[in-house]
Amino acid sequence: MIELQVEVIVSLLTQWWFSLSLLISSWAGFGIWFLRRDKNGPKTGPTNTPGSVSFNIGKSKLSEEEIFRILTTTEVNIQIVRICEDPRSAREISKALGEVYPGHREKGFPADKLGEHLANLERLGAVKFNGDKWEASDVGVKMVRKYFG
């Protein structure tokens, strides 16, 4: 009985169509495994130490039209990029926005709203955080000067 099963397996392996289908299915399985593993990202956790910030040094992935659209969603975004041409802390940015918008002169710009704007602008690549201060990136400065003077 066992000899018969071994004979059947050996005869299957010697058939070219069976060997080809086995090869194709194994390569397809490796391909699917590789794509699923790559899509989910690394499983090792963050590579930077606590308190450090990593920046994408490459070009922005957004087109100029998309950057313009996000910058112009509100005037505050444009003002933040202008203020951050010289590196500033969040408190300094809040006070500077308070000078621009009279309703916020005494207390400064609200911290939660400022945080949202800074996070959106950082994702956009218009500003970056260097550890203690926010500064406008070359892309942000170029866009604001090009379209808003």
Side-chain angles (χ1 to χ4, degrees), residues 9-10 12-149:
I9 292 172
V10 170
L12 272 176
L13 290 175
T14 59
Q15 299 292 326
W16 68 271
W17 56 268
F18 182 77
S19 298
L20 184 63
S21 65
L22 189 63
L23 181 68
I24 290 171
S25 63
S26 64
W27 278 104
F30 282 128
I32 291 170
W33 171 78
F34 180 77
L35 290 174
R36 289 184 55 85
R37 179 186 60 90
D38 220 27
K39 181 179 77 173
N40 295 333
K43 302 294 185 207
T44 59
T47 56
N48 53 355
T49 59
S52 70
V53 179
S54 61
F55 297 109
N56 183 7
I57 297 180
K59 283 188 151 188
S60 175
K61 295 178 183 175
L62 298 174
S63 68
E64 190 170 317
E65 293 84 23
E66 291 171 319
I67 294 172
F68 179 79
R69 183 182 55 79
I70 294 170
L71 268 176
T72 57
T73 54
T74 176
E75 174 70 21
V76 175
N77 288 340
I78 299 164
Q79 293 299 330
I80 289 173
V81 174
R82 284 184 177 153
I83 290 167
C84 290
E85 285 187 36
D86 297 324
R88 307 226 179 161
S89 68
R91 183 173 296 225
E92 293 169 330
I93 296 169
S94 176
K95 286 181 182 178
L97 284 173
E99 295 297 319
V100 174
Y101 299 105
H104 301 290
R105 191 161 290 164
E106 295 81 30
K107 295 182 181 179
F109 201 76
D112 57 337
K113 289 185 180 183
L114 178 61
E116 286 180 33
H117 287 290
L118 287 172
N120 289 334
L121 290 171
E122 186 177 26
R123 274 190 298 257
L124 176 66
V127 298
K128 55 188 171 185
F129 187 68
N130 66 11
D132 60 326
K133 296 196 178 209
W134 291 91
E135 65 180 298
S137 67
D138 295 336
V139 172
V141 171
K142 181 182 96 175
M143 293 292 291
V144 168
R145 287 183 181 167
K146 180 177 179 180
Y147 293 108
F148 309 105

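Taken to the nearest 0.5 Å, the CD atom of Gln79 stands 10.5 Å off from the CZ atom of Phe148. Taken to the nearest 0.5 Å, the CE atom of Met143 stands 9.0 Å off from the OG1 atom of Thr72. Of the inter-residue distances, the one linking Arg145 atom CZ with Arg82 atom CZ reads 10.0 Å to the nearest 0.5 angstrom. The OG1 atom of Thr74 sits 5.0 Å away from atom NE2 of His117, with the distance rounded to the nearest 0.5 Å. Here CZ of Phe129 is found 8.5 Å from CD of Glu122. Values are rounded to the nearest 0.5 Å. Of the inter-residue distances, the one linking Arg123 atom CZ with Leu118 atom CG reads 11.0 Å to the nearest 0.5 angstrom.
Ser25 places a side-chain N or O within 3.5 Å of a backbone atom of Ser21 that can act as its donor or acceptor partner. Of the possible donor and acceptor atoms, one in the side chain of Ser137 sits under 3.5 Å from a partner among the backbone N and O of Gly140.
Across every non-hydrogen atom of Cys84 and Val127, the tightest pair is CB-CG1, 4.4 Å. Leu97 approaches Ile83 most closely through the heavy-atom pair CD2-CD1, 3.7 Å. The minimum heavy-atom distance between Pro87 and Glu92, with the atom names listed, is O-OE1, 4.4 Å. The heavy-atom pair separating Thr73 from Ile70 by the smallest distance is OG1-O, 2.8 Å.
For the side-chain contact (heavy atoms from CB on, under 4.5 Å) test with Val81, the passing option among Val144, Val76, Val139 is Val144; the others fail.
Between Leu121 and Leu71, some side-chain heavy-atom pair lies under the 4.5 Å cut-off. Under the 4.5 Å side-chain criterion, counting only non-hydrogen atoms from C-beta, Ile93 is not in contact with Ser89.
By the 6.0 Å contact criterion, CG on Asp138 is open, its count of non-hydrogen atoms from other residues, nucleotides or ligands being 12 or less.
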